[in-house]
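Here is the structure we will look at, set down as structure tokens.
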Amino acid sequence: DPVESKISYQSVSDNMDPPVDPRARRAVERLLTYPNNTSVIVPWSTQHMPYFYHQMPLQGFELQKNEELLVVDRTTMFIFTVVPMLIFLWTFLLFVKLLFGL
């Protein structure tokens, strides 16, 4: 595995076209054995992705983007912005009172 990881990393860093990655090549060969209309998740590191992006469309697979939108409401914004500022201010005032006796 260290040799194959080195090969795939070198392929990415040298911008080889098409990319060379023995481990990803075996994964694509395995994916070709699955039945049609099977959804596949490929949670591999970024060094393997150039091979997948190059090889999967050639084999008839299509990439489905998965995006997530996070919405933060006003209460959450208040809790994460104003409350820490108030805690800092109270801590600072306590420090000044203890230090100077005001």
Side-chain angles (χ1 to χ4, degrees):
D1 280 350
V3 174
E4 292 177 349
S5 294
K6 174 69 174 159
I7 290 171
S8 65
Y9 178 77
Q10 196 66 36
S11 173
V12 170
S13 61
D14 291 345
N15 288 329
M16 297 175 104
D17 188 32
V20 177
D21 190 348
R23 191 180 305 158
R25 180 183 48 78
R26 285 195 305 274
V28 170
E29 290 172 357
R30 170 81 183 234
L31 290 173
L32 292 175
T33 63
Y34 294 163
N36 291 340
N37 296 326
T38 301
S39 295
V40 179
I41 298 174
V42 184
W44 282 25
S45 64
T46 55
Q47 68 188 26
H48 301 291
M49 295 317 291
Y51 185 84
F52 283 117
Y53 284 133
H54 173 76
Q55 194 64 26
M56 297 300 242
L58 297 176
Q59 300 297 333
F61 290 93
E62 68 179 60
L63 177 65
Q64 297 178 351
K65 299 269 185 191
N66 184 8
E67 298 179 7
E68 186 174 327
L69 178 64
L70 180 63
V71 179
V72 180
D73 61 345
R74 289 183 183 199
T75 306
T76 306
M77 286 297 294
F78 178 78
I79 290 172
F80 284 109
T81 57
V82 176
V83 171
M85 286 189 261
L86 289 175
I87 291 173
F88 173 77
L89 181 63
W90 289 331
T91 306
F92 179 75
L93 291 175
L94 180 64
F95 174 74
V96 168
K97 181 176 181 177
L98 292 173
L99 186 63
F100 299 111
L102 298 175

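Keep in mind that this is a model prediction, so the values were computed, not measured.
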Check your understanding: Which heavy atom in Ala27 sits nearest to a heavy atom in Phe52, and how many Å separate them?
Key -> CB-CZ, 3.9 Å

Check your understanding: How many angstroms lie between atom CG of Leu94 and atom CG of Leu89, to the nearest 0.5 angstrom?
Key -> 11.5 Å

**Study point:** Thr76 side chain near Asp73 side chain, heavy-atom distance below 4.5 Å
**Key:** yes

Review point. Should Val83 and Trp90 be counted in the same cluster of Ile, Leu, Val, Met, Phe, Trp and Tyr side chains packed under 4.5 Å apart?
Key: yes

Point to revise | Any side-chain heavy-atom pair of Met56 and Leu31 under 4.5 Å | key: yes

**Study point:** In one Ile/Leu/Val/Met/Phe/Trp/Tyr side-chain cluster, 4.5 Å: Met85, Val96
**Key:** no

**Study point:** Single-linkage hydrophobic cluster, 4.5 Å side-chain cutoff, Phe95 and Phe100 together
**Key:** yes

Practice item. Evaluate the ring planes of Phe88 and Phe92, with Trp represented by its six-membered ring, and classify them as parallel (under 30°), tilted (30 to 60°) or perpendicular (over 60°). Key: parallel

Practice item. Quick one: pull up CZ in Phe78 and OG1 in Thr75 and give me the separation to the nearest 0.5 Å. Key: 9.0 Å

Check your understanding: Same hydrophobic cluster for Val28 and Tyr34, using side-chain heavy-atom links shorter than 4.5 Å among ILVMFWY?
Key -> yes

